[in-house]
Protein chains: 2
Amino acid sequence: MEIDLKLLQYAVTLSRHRHFGRAAAALGVSQPTLSRNIAALEKQLGMRVFERSHRDVVATPAGDDVLNMADELVARAEAISHRLELVRDGRGGRLRVVAGTYAFDIAVQPAAIDLINANPSIRLELLEREWAAALALMMTDQVDFAVFDVEALRSMPALRVESLGEFRGRYFCRSGHPLLRKATFDVEDVRRYPFVMPGMPRHQAGMLEGLDAGATQDASRGFILPSIAVSSFRTVREIVAGTDAISVAHPSQISDGLATKRFAVLDMPTRRRAPVAEFGVAWKRERTLPPAARSLIAIIRRRMRAIGR
Amino acid sequence: MEIDLKLLQYAVTLSRHRHFGRAAAALGVSQPTLSRNIAALEKQLGMRVFERSHRDVVATPAGDDVLNMADELVARAEAISHRLELVRDGRGGRLRVVAGTYAFDIAVQPAAIDLINANPSIRLELLEREWAAALALMMTDQVDFAVFDVEALRSMPALRVESLGEFRGRYFCRSGHPLLRKATFDVEDVRRYPFVMPGMPRHQAGMLEGLDAGATQDASRGFILPSIAVSSFRTVREIVAGTDAISVAHPSQISDGLATKRFAVLDMPTRRRAPVAEFGVAWKRERTLPPAARSLIAIIRRRMRAIGR
DNA sequence: CGATCTCCATGCGCGGTCCGTATCGTTCTC
DNA sequence: GAGAACGATACGGACCGCGCATGGAGATCG
């Protein structure tokens, strides 16, 4: 049996108005059109839905059953229609994002909080992964897009990439660190201590290239590689707090530690004004971004502009 | 936004087949028709639902959201379509019945059990009421139809009435009743004991007219009226069991009391072979019976034929 | 490297469907 | 008994939606 939502909608409206003329007006059609559509519904259901008398139009007992179900289905259709509008406008639907540690902490997670506050009905899946895992998730269509250091993204021709903007990180250390006792210090001083970063060392190229430490060379890429690689920034924090190791972060990532004097930022004269890193968003070339992705990306861009100074 | 179930159905089918040609064949339409309908859906949703490549047709991320909702709505529409078929065929929907004590016990309740067993999805409201209350329920559209002694029903011109068939009741008394010690007894003997029946005495006309007791006259109607009127048959049973009062019933109403020797049937030579009573079904003239009512009525008729002998 | 194949999109013509206007038929009212 | 109210029906026109035929872009193969 073919169900036509329009006919059900007509029946529901008629049952509310109990009058063909007024129901037709409410529906924005002529009275004969409503008459014919109700007759069509009754024909295709094989039963009479309304009793017509000259003073009243009222549902038959079987019509009551029909109207209850019609009401339910029409209401559900309208709810779905509304939810689809939210999806189209980037205010609803499912959004699956993967990001590296820095991008996750600095861009995705704060932006996601704004997005959820603005659109509570959105369904988010936020994954923090290292680059190789993130790439695999994208290529197998398990996430909609990725936020990473833009250099890693641009190395993959299968991806479409857009820049999200730059930001400057800072070296930081524990608050009792020996370096802090010096009146002045520079990159050469920093190099004497262990350097810890999250993620696989070979994928931190873009992050490190912009640092002042970039002036110090390693054999292949022209910058120093972390001497300690761990998988989460939580571990970076603990190692920095418990050793003389130094790391790099956006101040928001360690702001609680700054407030409690657990960490200190190592500000030193910069040799060049290059950014620490440039984040980018990327997705599989032949796929389409969901509209909600544009909402999140716009929030991230705004945030990156705010902290990029 | 107007939702068209057909377009959603097309999209769901396409997402399963991932191929326009095969999906179109499965839907029984031509491939261009499916192409155009999917394009129409995408246009009216304002977003792309499918990625078309030459080897594959796959949903966009937003399309996933669309398809999930479409799937849900289509499935619900199909379920409702099925339930509407049940209503039309008298195998589902809501059915509200009122009956008097005898009709309820003898006809409606057993028939309802058969109906439920045959159609578990049916929704029944079974009311046992005296005649005046039943009439009020019918006239206020709170029940779909009534099952009563046909004479009461026919007295109301506002009702359409159909006969359900006749049945014979029997006098019964407690098992130690004095009458049972007599070798023979007749109606005149019965008249010497209290007579108890459920319902308002003036409404038992039809029930009593057919009894042999009808040969004994009262001033107005030519038969004896109950000397004790109670509202439920349960009370009748208790009074008969605890006193010398006599009543009338179908054997099925007291069969447990017969088995435990609590009651005894008073069989006596009958003077005429008239039925004890004729049940009928009635509903408000301008209303329509729900299809399920026909199912219940058919079962009652079958049952009345079976016990009418 | 071009011919062919695959597969979705599009142009075209037609048949049916759906709508609104006008009108009818019935019932209720005064 | 005339008129009003109201749902059903007749009719003509516009538009929609279908299938057939064809186009066009990318993959495949000789």
Side-chain angles (χ1 to χ4, degrees), chain A residues 1-45 47-60 63 66-67 157-158 160 284-288, chain B residues 1-60 63 66-67 157-158 284-288:
Chain A
M1 192 194 298
E2 291 296 310
I3 283 199
D4 185 339
L5 279 180
K6 186 186 68 174
L7 296 186
L8 297 187
Q9 174 66 65
Y10 283 10
V12 168
T13 304
L14 177 57
S15 77
R16 292 207 210 294
H17 288 81
R18 299 163 64 114
H19 187 286
F20 276 74
R22 283 190 284 277
L27 288 165
V29 299
S30 68
Q31 171 265 317
T33 295
L34 180 59
S35 273
R36 264 183 279 112
N37 276 297
I38 296 297
L41 175 66
E42 290 178 328
K43 182 179 176 186
Q44 94 185 52
L45 291 181
M47 51 189 172
R48 203 151 189 75
V49 177
F50 292 100
E51 312 269 13
R52 289 87 151 163
S53 75
H54 282 265
R55 283 279 148 242
D56 205 5
V57 176
V58 63
T60 60
V66 174
L67 289 169
R160 282 176 57 87
K284 225 170 125 181
R285 187 166 289 280
E286 64 267 31
R287 307 267 312 162
T288 312
Chain B
M1 191 193 300
E2 292 294 311
I3 284 200
D4 185 338
L5 279 181
K6 186 186 69 174
L7 296 186
L8 297 187
Q9 175 65 67
Y10 282 10
V12 168
T13 303
L14 177 56
S15 77
R16 291 206 210 296
H17 288 80
R18 301 163 63 118
H19 187 286
F20 276 75
R22 284 190 284 278
L27 288 164
V29 299
S30 69
Q31 172 265 317
T33 295
L34 180 60
S35 274
R36 264 190 305 258
N37 276 295
I38 295 296
L41 175 67
E42 290 177 329
K43 181 179 177 185
Q44 94 184 53
L45 291 182
M47 51 189 171
R48 203 149 190 74
V49 178
F50 292 99
E51 311 269 15
R52 289 87 152 162
S53 76
H54 282 264
R55 283 279 148 241
D56 206 3
V57 175
V58 63
T60 60
V66 174
L67 289 169
K284 223 171 129 183
R285 185 167 291 280
E286 64 266 31
R287 306 269 309 164
T288 312

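Computed over heavy atoms, backbone and side chain alike; hydrogens, waters and symmetry mates excluded. Below, chain A is the first sequence line, B the second, and so on; all start at residue 1. None of these values were measured; they are calculated from a predicted model.
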Polar atoms only, N or O, under 3.5 Å: list the protein pairs with nucleotides 13-18 of chain C and their distances.
none

Check whether any side-chain heavy atom of B:Met47 lies under 4.5 Å from a side-chain heavy atom of B:Val66, and answer yes or no.
yes
Whole Å only: how far is the CG atom of B:Leu14 from the C1' atom of C:dA9?
14 Å
Name every residue in residues 20-31 of chain B that has at least one heavy atom under 4.0 Å from any atom of DNA chain D, in order of residue number, or write none if there are no such residues.
B:Val29, B:Ser30
d(NZ, B:Lys43; C1', D:dG17) in whole Å
14 Å
Taken to the nearest whole Å, CG/B:Leu41 to P/D:dG17 is 13 Å
What residue pairs, at least two apart or across chains, pass side-chain hydrogen bond (donor to acceptor under 3.5 Å, both in side chains) with a residue in residues 17-29 of chain B?
B:Arg18-B:Asp56
The side chain to side chain contact (heavy atoms under 4.5 Å, CB included) partners of B:Arg52 (sequence neighbours excluded) come to B:Phe20, B:Ile38, B:Glu42, B:Arg48, B:Phe50
Provide, to the nearest angstrom, the distance between the CD1 atom belonging to A:Ile38 and the P atom belonging to D:dT9.
14 Å
Acceptor/donor pairs from residues 5-12 of chain B side chains to any protein atom, 3.5 angstrom cut, sequence neighbours excluded:
from: B:Gln9; atom 1: NE2; to: B:Thr13; atom 2: OG1; distance (Å): 3.1

Going by the rule side chain to side chain donor-acceptor pair (under 3.5 Å), which residues pair with A:Glu51 if we only count those two or more places apart in sequence or in a different chain?
B:Thr288
Taking salt bridge (Lys or Arg N to Asp or Glu O under 4.0 Å) as the test, write out the residues that go with A:Arg287, two or more places apart.
A:Asp141
B:Arg16: which residues meet the salt bridge (Lys or Arg N to Asp or Glu O under 4.0 Å) condition with it, sequence neighbours left out?
B:Asp71
Non-hydrogen atoms of B:Leu34 and B:Ala23 that approach each other most closely:
CD2-CB, 3.7 Å
Holding to side chain to side chain donor-acceptor pair (under 3.5 Å), I want the full list of residues that pass it with A:Thr33, two or more places apart in sequence or in another chain.
A:Ser30
Which whole-number value in Å describes the distance from B:Leu34 CG to D:dC20 C1'?
16 Å
How many Å lie between CZ on A:Arg48 and P on D:dG7, as a whole number?
13 Å
Which heavy atom of B:Leu67 sits nearest a heavy atom of B:Ala59, and at what distance?
CD1-CB, 3.6 Å
Footprint string (nucleotides 24-30 of chain D, 5' to 3'): B base within contact, S backbone only, - free, heavy atoms under 4.0 Å:
-BSS---
How close or far is atom P of C:dC28 from atom CG of A:Asp56, stated in whole angstroms?
12 Å
Can you tell me the distance, in whole Å, between the NE2 atom of B:His17 and the P atom of C:dC8?
12 Å
